[in-house]
Structures are given as structure tokens and as C-alpha cells.
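Below: the structure, in C-alpha cells.
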Amino acid sequence: MPLIDIQNVTKVYKMGDVEVHALRGVSLAIEEGEMVAIMGPSGSGKSTLMNIMGCLDQPSSGSYQLDGVDVGSLNDDQLAAIRNRKVGFVFQQYMLLQRTDALRNVEMPLLYGDGHDRTTRARAALEAVGMGERLHHKPNELSGGQQQRVAIARALVTNPRIIMADEPTGALDSTTGEEIMAIFERLNREQGMTIILVTHEPDIAAHARRIIHVRDGHIAEDIPRAVAAVPA
Amino acid sequence: MQKAESIAAVASPRRGFRLTRGTGLWESIRIALTSLRANKLRTVLTMLGIIIGVASVVALLAIGNGAQAAITSQIASIGSNILTIFPGRQRGPGPSAQAQSLTLADAEALTKPGVLRNVVAVAPSFQGGAQIVAGANNLQSSVVGVTPSYFSVRNLALVRGDFITDAQVSGQRSVVVIGSNVGTDLFGLANPVGRTLRIKGQTFQIIGLLEAKGGGGFGSIDDQLFVPLTVAQQKLFGARSADTASPRISNISLQVAEASQMTAVSEQISQVLRQRHRLKSDGSEDDFTVFNQADILSSLNQITSVLTAFLGAIAGISLLVGGIGVMNIMLVSVTERTKEIGLRKAVGARRRDILQQFLIEALVVSMMGGVVGLLLGLLISFIVQLTGVITPVVTPGAMLLALGFSMAVGLFFGIYPARRAARLRPIEALRYE
């Protein structure tokens, strides 16, 4: 059974009187250990798809099973628990708590779940992304790349089944971006971590082994990396 | 590769789906303190509302209680179990200018054995104002004509010298016992006993100096002079009664043996005096008034209780205003931290976790304000005590009330902002700018 199993999912938003069809019937399966990039222009529905896959939002119709759990039938608190257990998020703007050091930032998800050995686990996660020397630095004392590493450590600390990274290099220069992508690749390659990237940069998408193009609420293309056209 | 190993160490143990545990209380308090420290000035200003509220509740209740205690002790210092008879129909204590219906014969009638039961002593007095001169010093004061029983009924003690005796009353001797303030005003620190002073131009020998009773208020014993009753009536103020042979008097104080007998004695007095004054039993009004010390005390206590409650309520309103300040700041805080709330929800915080976090933040502000306010209230009470006007009484009950109320205010005004935070949807909160 695939880790992510999406069957004919639609999402309709009400914007005042207007109904916006963000997703118009998407079916998608992602196996454990894959590294997938989702691409598409803004308004294509890729963020909506990402939110549904990350259990931040629920489909209007269709079914979504994450790791064997039918997400469509869960209430808010159950969704929160699923996110805590199974999903690690990395955001474009890092989303670290200011005035809070790296260690505390990484510990944060553990407050809402299984809280044993918080400090030990947070320290290990920071060491895993090469931030073991900066445990007590606050976000404003770290560079963008370092902040994103802390954010990745925060995503890793709960030992999730999947990492969702929304434009993770969008706020970084290309060299730093490559360093961050190297971390994702290493997690995927050496540890079998399932990683889903949302990006509009082909350079970044090229790190993935499968690229899904979303357009007008549909999946337009679903290309395994071997066939993907990677610019030289 | 070193890093790969540590990644494996972090991510290796796969876990099943377990019930989530909530954030600990201590963790919530730590988060609240971090957030409050981040905006120190704002936190202090918010707390100020609670501080002022709690401080004023504590201080005003203490002052109210102090006033009540002062009144109680002042009335008790007059003597215990005292009934006082004034001439005329009156609504309050004090001599009435027109009333001349009480005579020395009335007092003598009440003193006769067998007339009143359970009465320890009867002390008629006659009072007037006069110019007092001693050497170069002079003052206007109240001169009271008394019999020896007056001193025991009013519970007076001497610093030196003697009280007025029966012989001095019957002999109309020009002797005077003076209150402590009169002594200091006229003679400074020198011993006044044995010296003379002039009342309305007549020379009196000072035979006693009273101990200070303290306390302000009307007609303090410390500001008065005491002469034999007959002297006041005949020589000083002329107490001829219009329609009887017996000279009139200002009032009669009676000491009753037991507090429980005061009402009964008061009724006996009314009967005796109505008979003596030939008042018909068809409902014609008394031409005298019997004041019961206990009644006065209880009605004064009632007044000060109401006053204390009133002051406390006003202070409570300021605490309420402080609470609205807390709510205001919490709403601002929720709005400012929308993204943080979104993030916390994204990584697994449930509604309850967010609700708890913001409620505890509101509680921490209001309780810190409560403690500082309590200390400030105690300081204000202490300063009031130093001024000597009143001795505030801080009761543990009032302190607990103020702290409890400040907590309740934090909880009540914290709930709305906290619920608002808890209800935020994670995707919208994450996107909030």
C-alpha cells in the first residue's frame, strides 16, 4: 500500500459568492522512500494539494489515506495528532520562534506529542543537520541557511513518515539552496525518508526523482526523474 | 559519514500511532514568560491596571476596617455598658439647647435603692462652655459638672492627684480635675496639680490630672475640665429649671452590670421618668432620650461596614478596568502571534494546547499584577498608618479576596482571546501577514 494514496480528490473554496475549484479530481500515489517535487504556476492548486497531503486541510470530496489512516474522517484534534506523528513541515520563511534558541525551537513539536527525552532528541536532530554547534543561538543570530537547517531539524525531531517542504530554498541564495537540498537528498537516500517538495524552480525540482506538474487543479504531468528534462 | 549516522540515530525507531499528550503546565508558563518578557513595557502597563486595582482593594478595605476598629475602641473607651439619658426627644447624642426637662431630682430618683435593678452607678452631669485662663495662657473649653461616680462610669484614670469627692460636691468647693490636653495647653510639661486656674473669672484649684484617652472626635475627655456638679450648676452656668425646683442637668450616665441587661434597664428608666414627668400613657412622646451604647456601636459599625463595602466596590471596578486591559493586550498578542499559532497547530498543537497557552499567559499577567498590587496595597496601608490618622487593618481575607479576584479577572478576560487563538485555522494562520 502506498504511503500517500489520493483518490479523485477535489477542493472547492467559497470566496464570497464565488466557488473556487482549487482541485478538480486529483489521484496520486506516493510510495515510502520517494522524493517527489510538485511544480506548477501560482493558482494551479499545488499549495492546496500540499495542504491536503500535510493534513492541514481536508478534501471536499474523494479520499485520502496517509499511512493507512483515512484522513477525511478525522476531526481537528485528530488531524493535529496525525501532523504531529507523521508529517514534518519545512516552510519557505523558516517559521522559527524568535527570542527562542535553536534547541527550544526544535523541541517545540515534542511538546504536543510524545514528550520524553525532548532535549536529547532535539539535540540529535540539530546535530543531524550540522547545527550541533549552535544549539543556543537564536534565529536572529543565524544566517538564512542556518535557520532553514534548524527548521529541518524541527521537522525531523518527531521522526515523521514524511517531510513536506514548501519552497524550502525560496528565501535562500542558490549556493545555500543547494546545501539545503543536499540535506534533503541525504535524508532520502541514506534513511529512506519520504520527501515532498513544492517548488517553482526547475533547478530545485531536479533534485527529486519524480516531478509532478499541477495545472488548473489537475495533474498535468507525472514524470519519473529518469525521463525528466533537466536543464544542463 | 558522520552526519548520516546521527540522522539514522534520530529517525531510526519507528513508532506506532499513540494518543497525544498535552503541553505541561510548566511548559505553558515558560512560554508565557518568554512572550511577556518580549514586550516588557506592554506587560508592565497591562499589569499596572491589575496592580492599581488590587492595591486599592487591599488598601481601601484595610482603611475601612481600621476606621471601624477605631470607632469601636473609641466608643468602648467611654466605658462599658453605658446608658445615657439626654433631655428632650433627640435623634443623636449631644445636649439639646431647648430641652430642659432633665433635673437633678430625676437623677436622684434613679439612684434611690430599689428603683432600678442591675445598675452599678448613676452619674448626672451638667456641661457648659467657658473661657479658661491660667497665667498668660487661655483657651475656650467645655466644663463638666460631675459627681464622683462619673469617673468610674466613664472609666477615667488619673496621672496624679485625686478625683472630686462627695464632700466637695455638697460643699460647692472650687476644685477642678483637668483633661490631659488642657494640662499641656495651659502648663506645658509642668505638674499642674496644686496650681490654680480661672474659669469664667472664678479661681479654681487643680486637684487632679487625667490620663490621656486619645482619639479625636467630638467632646474628647482630654479637652475637658471637671468641677463638682453643684459648682457648675450654681456658680458657673446657672441651672435653674423653668418649672421645677430642682436644678437641671445635661445628661445622666448609667453603668449597667451586664451587657444583656441594657435593654431591660433602659425600659425601666423610661417608666420611672415618664411617671416623674407626668407623661400620660396615651402615647404622648417622651421628653427625654435613652441612648444605648451598644445600639450606637452597632449602628456605627453598620455604617462603616457599608462604607467599607462601598470603597471596596469602587476599587473592584478599577480591577475590572484592569481586566479589560488584560483582554485588550491578549487580543493584540493573539493577532501578533497568528503565525506562531499557525506553526504550533501545524506541528500538532490541539485547540486545547493553544487555549491553555493563552489562558496561562493572561493568568500569569494578572497574578503577577495581583502580587505586586498586594504588596503596594500593604505599603499604602503602612504609609497611612505612619500618618497616624487611622490604623489600617489588613485581614488575610481581604488579601485572599484581592488575589483571587485578580486571578478570576485574568481567567475571565483571558478566555475570549484564548478561544479566538485556539479556533484559528492552521493554513490561514500560517499565511497571515
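Labels below follow one simple rule: chain letters A, B, ... track the order of the sequence lines, proteins then strands, and each chain is numbered from 1. Values reported hereafter were calculated over all heavy atoms of this structure, with side chains retained and with hydrogens, waters and symmetry mates removed. Being a predicted model, the structure only gives us computed values, none of them experimental.
Listed by sequence position, A:Leu56, A:Asp57 are the residues of residues 55-65 of chain A in contact with chain B, using a 4.5 angstrom heavy-atom cutoff. Residues of residues 304-324 of chain B never come closer than 4.5 Å to chain A when only heavy atoms are counted.
Atoms CG and CZ, on A:Asn75 and B:Arg350 in that order, are 10.5 Å from each other to the nearest 0.5 Å. Atom CD of residue A:Gln98 and atom CZ of residue B:Arg337 lie 13.0 Å apart, to the nearest 0.5 angstrom. Expressed to the nearest 0.5 Å, how far CZ of B:Arg425 lies from CG of A:Asp76 amounts to 7.5 Å.
For the options A:Arg104, A:Arg154, A:Met108, heavy-atom pairs under 4.5 Å to chain B are most numerous at A:Arg104.
Between B:Arg351 and A:Asp77, none of the side-chain N atoms (NZ, or NE/NH1/NH2) sits under 4.0 Å from a carboxylate O, so this pair counts as no salt bridge.
By the neighbour-count criterion of 12 heavy atoms within 6.0 Å, atom CG of A:Asp216 is sparsely surrounded, having that number or fewer from other residues, nucleotides or ligands. The 12-atom threshold is not exceeded at NZ of A:Lys138, counting heavy atoms of other residues, nucleotides or ligands nearer than 6.0 Å. The number of heavy-atom neighbours closer than 6.0 Å to CZ of B:Phe382, taken from other residues, nucleotides and ligands shown, is 12 or below.
For B:Arg344, the parts lying under 4.5 angstrom from a heavy atom of chain A are both the backbone and the side chain. Residue contact with chain A, scored on non-hydrogen atoms closer than 4.5 Å, involves the side chain of B:Arg431 exclusively. When heavy atoms are compared at a cutoff of 4.5 Å, A:Arg123 does not approach chain B at all.
Listed here is the closest heavy atom pair of B:Ala346 and A:Phe91: CB-CZ, 4.3 Å. The minimum heavy-atom distance linking B:Gly348 with A:Tyr112 is given by the pair O-CB, 3.5 Å. Nearest heavy-atom pair across B:Leu343 and A:Met95 is CD2-O, 3.1 Å. Across all their heavy atoms, A:Ala80 and B:Ala349 have their closest contact at CB-O, 3.7 Å.
For A:Arg99 (side chain) and B:Thr34 (main-chain N/O), no donor-acceptor pair under 3.5 Å exists by modelled atom type.
Side-chain contact check for A:Leu111 versus B:Ile31: some heavy-atom pair is nearer than 4.5 Å.
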